[in-house]
Amino acid sequence: MTLLPQTEERADFGSRIELALGASNQLFNARNSPRYVADVLQAVNLVATKVSRVDRPFTGIAPAQLAPLVEAVDLEAPLADTAAALEELETLYLRDAVYFHDSQYAAHLNCPVVIPALVGEAVLSAVNSSLDTWDQSAGATLMERRLIDWTAGRLGLGPAADGVFTSGGTQSNLQALLIARNHAVSRLRQDQALAAERLPGLLDRLRIFASAASHFSIEKSASLLGLGYDGVIQVPCDAHQRMDPAALREALAASRARGEFPLAIVATAGTTDFGSIDPLAALSTLAEEFGAWLHVDAAYGGGLITSLRHRHLLDGIGAADSVTVDYHKTFFQPVSSSAVLVRDGAMLGHVAYYADYLNPQSTAGSVSLNQVDKSIQTTRRFDALKLWLTLRIMGPDGIGALLDESIDLARQAGELLARDPDFELAAPAQLSTLVFRYLPQAPDGLDSLDGTRGLDGETADTLNLHIRQAIFASGKAVIAGTKVDGRHYLKFTLLNAETTLEDLQEILALVRSIGAGYLAGERA
């Protein structure tokens, strides 16, 4: 005979059932689809209303002001409904978010996003496909593969090319260098004297060659791959921050003389600070001569494959062994959306691993089409859908037109800065970034011997750091900063086709006003 629970236990049992029923009403399914539509529309309307009223990229709020509001939230006590939660969200996040769509945002490689991609984001989040195996994604797998083929075709990588979507440029670079490392190790082990040596012993021989302006993820990848930061040999750049082929040849020859093995040459197509593109054809010739893998980090410059006027800047990229492309930069996609591509799809086998419960080796190469076989991730979102809908609604030329506007604006702004005696331009515009600093003429009109126009180097550094911080605190604009030859500079990163030269002139006027005020206080 079954005993009934005691009164307290029955009450507890009843509350658990009630809680479970309430929670199940939040699951997205056929029964709850009306709730889904109503709640998501509330969020969409809130964001649309907020964006329509934004008149500056940032409010200027400090962490010390916002942190107490976040800390005061009791995560153990749910709010009454979605409307209440969204009202709280407006206070904690939307009110003070940094808005990349604003024409006064000119800081990092964050792009305003196109509406077709936002439609894709809504669809892929709701269906929630996982792109690791065919039996979790079906058509999504085929669409991602089709986009990889499209990208490889535009890059000119050839019919054997393949690749996979990733979370971003850092992961794409890591996977490319992992493939290059394993490929190099397999070649080293063809030497009978090294065939039995364990991996740690072989890694000590490997070197990566990258320009001094390359992305930090190259050194981070070298560390993660067991080479250490010093496994990367930095190659000097020319005056336009492009890798110097003569210096690279010298570095490769010196490394060979030390008994080292060139794991990879990393060329950059769009450096973060200068947008500079390394001489790809010359570097591919050296890679072939020295037996090195050629990886091109085109996280920034990859969008040039859609450009109507500047696509020639990527000439020679088709000779690369692997390429990184970030769609969430110059393709105007929401984060995250990136890809790593290889010229020989068989090289992806260097990252393959088979698990009986997920992708058994018996299915490798079969109709199962398991994307996890070629990725260092397991669970992956269907981020490719965003780019798919963008291409189907706008077309590649639409993307390219937006990018070309940004490139043209950067060149106009570069000419403006070069003519202004109160600013120093570090290098001409190459893609859509400008590195400069505020260095007004000295009161007596005489420049100092160190080129800082009457300011000592430390004062010039402090001045430009102050300007950037003060602009951010004002919320009127957002600009970036960097260092050139150890000195602090300001930076425009332009990815908004609706930003005008007048917008940038307003920011420069703000720079000048804040800078002049700071110097007046210092001189006083």
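Atoms considered below: every heavy atom in the structure, side chains included; atoms not considered: hydrogens, waters and symmetry mates.
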Query - Verdict with reasoning, Val323 to Val340, per side chain to side chain contact (heavy atoms under 4.5 Å, CB included) - result: CA-CA 6 Å; Val323 179; Val340 59; over 6 Å; no
Requested in this report: Would you mind reporting whether Ser130 and Arg380 have side-chain heavy atoms less than 4.5 Å apart?
Outcome: no
Query raised in the report: Does the pair Phe472 and Phe58 meet the rule for a ring pair (Phe, Tyr, Trp, His ring centres under 6.0 Å), with working shown?
Result: CA-CA 8 Å; Phe472 187 66; Phe58 183 49; 4.4 Å; yes
Query - Euclidean distance, Leu147 CG relative to Asp383 CG, rounded to 0.5 Å - result: 11.5 Å
Query raised in the report: Where the side chain of Thr306 meets the backbone of Gly303, is there a donor-acceptor pair that is under 3.5 Å apart?
Result: yes
Query raised in the report: side chain to side chain contact (heavy atoms under 4.5 Å, CB included) between Lys374 and Asp162: does it pass, once the steps are laid out?
Result: CA-CA 9 Å; Lys374 59 180 76 169; Asp162 200 355; 2.8 Å; yes
Report task. State plainly whether the residues Arg249 and Glu289 are in salt-bridge range, i.e. N to O under 4.0 Å. Result -> yes
**Report entry** Crowding at CD, Gln412 (>12 non-hydrogen neighbours, <6.0 Å)
**Finding:** yes
Query raised in the report: Would a distance-only check, ignoring hydrogens and angles, find a side-chain to backbone donor-acceptor pair under 3.5 Å from Thr493 to Ala107?
Result: yes
Query raised in the report: Would you say the side-chain atoms of Thr271 and Asp273 include a donor-acceptor pair closer than 3.5 Å?
Result: no
Requested in this report: Could you check if a side-chain atom of Ile479 sits within less than 4.5 angstrom of a side-chain atom of Phe492, using non-hydrogen atoms only?
Outcome: yes
Query raised in the report: Distance from Ile399 atom CD1 to Leu387 atom CG, nearest 0.5 Å?
Result: 6.0 Å
Query - Expected output: side-chain Asp96 to main-chain Leu92 donor-acceptor under 3.5 Å - result: no
**Report entry** Side-chain donor/acceptor of Ser255 to backbone N/O of Ala251, under 3.5 Å
**Finding:** no
Report task. Go through the side-chain N and O atoms of Asp132 and Thr378 and say whether any donor and acceptor fall under 3.5 Å apart. Result -> no
Requested in this report: Determine whether the side chains of Ser432 and Tyr300 contain a donor N or O and an acceptor N or O closer than 3.5 Å.
Outcome: yes
Query - Donor-acceptor under 3.5 Å (Asp278 side chain, Ala267 main chain) - result: no
Report task. Any chance you could measure His310, atom NE2, to Ile277, atom CD1, to the nearest 0.5 Å? Result -> 10.5 Å
Report task. Examine the side chains of Asp326 and His328 and answer whether a donor and an acceptor come within less than 3.5 Å of each other. Result -> yes
**Report entry** Main-chain N/O of Gly291 paired with Arg187 side-chain donor or acceptor, under 3.5 Å
**Finding:** yes
Query raised in the report: Does any non-hydrogen side-chain atom of Arg392 lie less than 4.5 Å from one of Pro116?
Result: no
Query raised in the report: When rounded to the nearest 0.5 angstrom, what distance separates CZ in Arg154 from CD1 in Ile317?
Result: 13.5 Å
Requested in this report: Answer yes or no: is there an ion pair linking Asp149 with Arg146, defined by an N-O contact shorter than 4.0 Å?
Outcome: no
Report summary line: Heavy-atom nearest pair, Leu409 first then Thr499, reads CD2-O, 3.4 Å
Report task. Count the heavy atoms belonging to other residues, nucleotides or ligands that lie under 6.0 Å from CZ of Arg258, then report whether that count exceeds 12. Result -> yes
**Report entry** Donor on one side chain, acceptor on other, Gln171 and Gln377, under 3.5 Å
**Finding:** yes
Query - 4.5 Å side-chain heavy-atom contact, Gln104 and Val478 - result: no
Report task. Look at the aromatic rings of His350 and His183 and report parallel, tilted or perpendicular, splitting at 30° and 60°. Result -> perpendicular
Report summary line: Between Gln430 and His240 the two heavy atoms that sit nearest each other are NE2-O, 2.9 Å
Query raised in the report: Are the side chain of Ser223 and the backbone N or O of Glu219 linked by a donor-acceptor pair below 3.5 Å?
Result: no
Query raised in the report: Hey, are Glu424 and Arg487 close enough for a salt bridge, meaning a charged N less than 4.0 Å from a carboxylate O?
Result: no
**Report entry** Separation of Phe209 CZ from Leu283 CG (nearest 0.5 Å)
**Finding:** 12.5 Å
Query raised in the report: Does a side-chain heavy-atom distance below 4.5 Å link Gln136 with Ser129?
Result: no
Query - Check: Phe423 ring centre within less than 6.0 Å of Tyr438 ring centre - result: yes
**Report entry** Sidechain-backbone polar pair: Asn370 side chain, Val372 backbone, donor-acceptor under 3.5 Å
**Finding:** no
Query - No-hydrogen, no-angle side-chain donor-acceptor test under 3.5 Å, Asp297 and Thr324 - result: no
Query raised in the report: Would the number of heavy atoms belonging to other residues, nucleotides or ligands and lying under 6.0 Å from CD1 of Ile115 be above 12?
Result: no
Query raised in the report: For the residue pair Ala426 and Tyr489, what are the closest heavy atoms and their distance?
Result: CB-CE2, 3.9 Å
Requested in this report: State, with a plain yes or no, whether a side-chain heavy atom of Glu144 is found less than 4.5 Å away from one of Gln371.
Outcome: yes
Query raised in the report: Is it true that a side-chain atom of Ser214 and a backbone atom of Ala210 form a donor plus acceptor pair closer than 3.5 Å?
Result: no
Query raised in the report: Would you say the side chain of Thr330 lies within less than 4.5 Å of the side chain of Leu495, judging by non-hydrogen atoms?
Result: yes
Query - Any donor-acceptor N or O pair under 3.5 Å, side chains Ser137, Thr141 - result: yes
**Report entry** Heavy atoms of other groups near Glu288 CD, more than 12 under 6.0 Å
**Finding:** no
**Report entry** Lys/Arg N to Asp/Glu carboxylate O, Arg205 vs Glu260, below 4.0 Å
**Finding:** no
Report summary line: Residues His101 and Asn496: closest non-hydrogen pair is O-ND2, 2.8 Å
Report task. Classify the angle between the aromatic ring planes of Tyr105 and His108 as parallel (below 30°), tilted (30 to 60°) or perpendicular (above 60°). Result -> tilted
Query raised in the report: Any sub-3.5 Å donor-acceptor pair from Arg311's side-chain atoms to Ile305's backbone N or O?
Result: yes
**Report entry** Whether Phe331 and Tyr327 hold their rings parallel, tilted or perpendicular, with breakpoints at 30° and 60°
**Finding:** perpendicular
Report task. Verify the distance criterion only: is there a donor paired with an acceptor across the side chains of Ser307 and Asp404 at less than 3.5 Å? Result -> yes
Query - Criterion side chain to side chain contact (heavy atoms under 4.5 Å, CB included) against Phe165, the qualifying member of Ser337, Ser338, Ser375 - result: Ser337
Report task. Return the minimal non-hydrogen interatomic distance between Leu286 and Pro245, and the atom names on each side. Result -> CD1-O, 3.5 Å
Requested in this report: Please lay out, stage by stage, how Leu348 and Asp373 fare under the test side chain to side chain contact (heavy atoms under 4.5 Å, CB included).
Outcome: CA-CA 8 Å; Leu348 290 169; Asp373 297 354; over 6 Å; no
Query raised in the report: Side chains of Ser167 and Ser336: is there a donor and an acceptor less than 3.5 Å apart?
Result: no
Report task. Quick one: pull up CD in Gln333 and CG in Leu389 and give me the separation to the nearest 0.5 Å. Result -> 9.0 Å
Query - Check: Val164 and Leu341 side chains under 4.5 Å, non-hydrogen atoms - result: no
Query raised in the report: Testing Ile208, Leu252, Val296 for side chain to side chain contact (heavy atoms under 4.5 Å, CB included) with Ile265, which one passes?
Result: Leu252
**Report entry** Summary of side-chain hydrogen bond (donor to acceptor under 3.5 Å, both in side chains) pairs that have at least one residue in residues 313-322, sequence neighbours excluded
**Finding:** Trp293-Ser322, His295-Ser322, Asp321-Arg343
